[in-house]
Amino acid sequence: MTSVDSQPDLSAAEAVLGAHVRDVMDFPKPGVVFKDITPLLSTPAAFGVVVGALADLARGLGATTIAGIEARGFLLAAPVADRVGAGIVPIRKQGKLPGRTRSEAYALEYGTAVLEIHEDAVPTGERVLIVDDVLATGGTAAAAHTLLRGCGADVVGLAVLMELTFLSGRDRTGTLDITSIMKI
Ligand SMILES: O=P(O)(O)OC[C@H]1O[C@H](OP(=O)(O)OP(=O)(O)O)[C@H](O)[C@@H]1O
Ligand SMILES: Nc1ncnc2[nH]cnc12
């Protein structure tokens, strides 16, 4: 990475990711092919390559804060933020954050839920990159984006490991700038 405008080469990370994701049929509901990242998480070298690619992306976007979506997003947001020297903002499932929150109900591929963020989570001037493992229908990402904007955040994008293109997540995420390491 040499400037804040350049896009990192994600091809090495894509190959590593492809070799460390497992399909689990009919989880958590019949008809869903669940993209399980636990093989990636348990393989340090592979995880390091993927986290490194996300960190390059975050630096390229000039991100100063990484927002992670509970729960799998946390596993990625924390190491990325540490590499970049950025802060972390947790976007949590309902009822987990202790301070004053904003809430957003949403639907995802296999259910419905509510996400929350602390009202004062994002200091003025921070450039926020949302990080998660999967973009499927886009419901989760759209809710996270809405919450962050409601806090006055400057959201520079969403970075995910995998995008399930057949579920058209980009149709629900409006102007959010999305980068996926792997498209399925
Ligand atoms: O694009 P969508 O259809 O909204 O789906 C994507 C979301 O689904 C999964 O989260 P899940 O709510 O299953 O939570 P988890 O991380 O706690 O397993 C995944 O980690 C994304 O956040
Ligand atoms: N098919 C899927 N696999 C893993 N996480 C998901 N989140 C939404 N859809 C998913």
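Just follow the structure's listing: the first ligand is 1, and inside any ligand the first atom is 1. Computed over heavy atoms, backbone and side chain alike; hydrogens, waters and symmetry mates excluded.
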Trainee: Looking only at distances, please establish whether an N/O atom of ligand 1 is found under 3.5 Å from an N/O atom of Y106.
Mentor: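 Such a contact does not occur with ligand 1.
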
Trainee: Write out the residue and atom name of the closest protein heavy atom to atom 2 (C) of ligand 2, then the distance separating them to 0.1 Å.
Mentor: E109 OE1, 3.5 Å

Trainee: For atom 8 (O) of ligand 1, tell me which residue out of L108, L115, L75 has the closest non-hydrogen atom.
Mentor: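 It is L108 whose heavy atom sits nearest to atom 8 (O) of ligand 1.
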
Trainee: Which atoms of ligand 1 sit under 4.0 Å from any heavy atom of V134?
Mentor: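 Counting atoms of ligand 1 from 1, those under 4.0 Å from V134 are 6 (C), 21 (C).
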
Trainee: Judged by non-hydrogen atoms, does M162 sit under 4.0 Å from ligand 2?
Mentor: no

Trainee: Please walk me through it: do E126 and T64 pass side chain to side chain donor-acceptor pair (under 3.5 Å)?
Mentor: CA-CA 6 Å; E126 296 294 317; T64 55; 2.8 Å; yes

Trainee: Can you pull out the closest protein heavy atom to atom 6 (C) of ligand 2? Residue, atom name and distance to 0.1 Å, please.
Mentor: Y110 OH, 3.4 Å

Trainee: Could you tell me whether a side-chain N or O of E116 sits under 3.5 Å from a main-chain N or O of G95, the two making a donor and an acceptor?
Mentor: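 It does hold such a pair.
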
Trainee: I need the atoms of ligand 1 closer than 4.0 Å to a non-hydrogen atom of Y110, numbered in the order shown.
Mentor: 8 (O), 9 (C), 11 (P), 13 (O)

Trainee: If every non-hydrogen atom of C151 is compared with every non-hydrogen atom of I117, which pair is closest and at what distance?
Mentor: SG-CG2, 3.7 Å

Trainee: As an exercise, identify every atom of ligand 2 less than 4.0 angstrom from a heavy atom of R72.
Mentor: 4 (C), 5 (N)

Trainee: Step by step, work out the side chain to side chain contact (heavy atoms under 4.5 Å, CB included) result for I69 and L115.
Mentor: CA-CA 8 Å; I69 306 175; L115 283 177; 4.1 Å; yes

Trainee: Do T101 side-chain atoms and L97 backbone N/O form a donor-acceptor pair below 3.5 Å?
Mentor: no

Trainee: At a 4.0 Å cut-off, with the gap strictly under it, does some heavy atom of V33 reach an atom of ligand 2?
Mentor: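 Heavy atoms of V33 do come under 4.0 Å of ligand 2.
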
Trainee: Based purely on interatomic distance, does A71 place a nitrogen or oxygen under 3.5 Å from a nitrogen or oxygen of ligand 1?
Mentor: yes

Trainee: How are the rings of F34 and Y110 set relative to one another: parallel (under 30°), tilted (30 to 60°) or perpendicular (over 60°)?
Mentor: tilted

Trainee: Touching ligand 1 at all, G138? Heavy atoms, strictly under 4.0 Å?
Mentor: yes

Trainee: Would you call K93 a ligand 1 contact, heavy-atom distance under 4.0 Å?
Mentor: yes

Trainee: Please write down residue, atom name and distance for the protein heavy atom closest to atom 10 (O) of ligand 1.
Mentor: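 Residue, atom and distance for the closest contact: R72 NH2, 3.6 Å.
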
Trainee: So, applying side-chain hydrogen bond (donor to acceptor under 3.5 Å, both in side chains) with R72, which one of D36, D132, T38, D133 is it?
Mentor: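 The single option meeting the side-chain hydrogen bond (donor to acceptor under 3.5 Å, both in side chains) with R72 is D133.
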
Trainee: Side-chain heavy atoms under 4.5 angstrom apart, residues restricted to Ile, Leu, Val, Met, Phe, Trp, Tyr: same cluster for L76 and V89?
Mentor: no

Trainee: Show which atoms of ligand 1 fall inside a sub-4.0 Å distance from at least one heavy-atom site of E109.
Mentor: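 Checking each atom against E109, I get 3 (O).
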
Trainee: Atom 1 (O) of ligand 1: which of A136, A107, G68 has the nearest heavy atom?
Mentor: A136

Trainee: Quick one: look up the protein heavy atom nearest atom 22 (O) of ligand 1 and list residue, atom name and how far away it is.
Mentor: D132 OD2, 2.5 Å

Trainee: Tell me which protein heavy atom sits closest to atom 4 (O) of ligand 1, plus the residue, atom name and distance to 0.1 Å.
Mentor: T140 OG1, 2.5 Å

Trainee: Any idea which atoms of ligand 1 are less than 4.0 Å away from a heavy-atom of G139?
Mentor: 1 (O), 4 (O)

Trainee: Give the numbers and elements of all ligand 2 atoms closer than 4.0 Å to a heavy atom of A136.
Mentor: 8 (C), 9 (N)

Trainee: K183 and E14: salt bridge (Lys or Arg N to Asp or Glu O under 4.0 Å), yes or no, with the steps?
Mentor: CA-CA 9 Å; K183 290 187 171 64; E14 181 180 4; over 6 Å; no

Trainee: Is there a donor-acceptor contact under 3.5 Å from the side chain of H118 to the main chain of G99?
Mentor: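 Yes; at least one donor-acceptor contact below 3.5 Å.
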
Trainee: Using atom types as modelled and distance alone, determine if a side-chain donor or acceptor of D23 lies under 3.5 Å from a backbone N or O of V33.
Mentor: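 Judged by distance alone, no pair lies under 3.5 Å.
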
Trainee: Just need the protein heavy atom nearest to atom 3 (O) of ligand 1, so name the residue and atom and give the distance.
Mentor: T137 OG1, 2.6 Å

Trainee: Report yes or no: does T165 contribute a side-chain atom to a donor-acceptor pair with the main-chain N or O of I184 at less than 3.5 Å?
Mentor: yes

Trainee: Donor-acceptor pair, K35 side chain versus R22 backbone, under 3.5 Å?
Mentor: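 Not a single qualifying donor-acceptor pair exists.
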
Trainee: If you have a sec, work out which protein heavy atom is nearest atom 3 (N) of ligand 2 and how many Å separate them, to one decimal?
Mentor: K35 N, 2.8 Å

Trainee: Considering only protein heavy atoms, which is closest to atom 20 (O) of ligand 1, and at what distance to one decimal place?
Mentor: D133 OD1, 2.6 Å

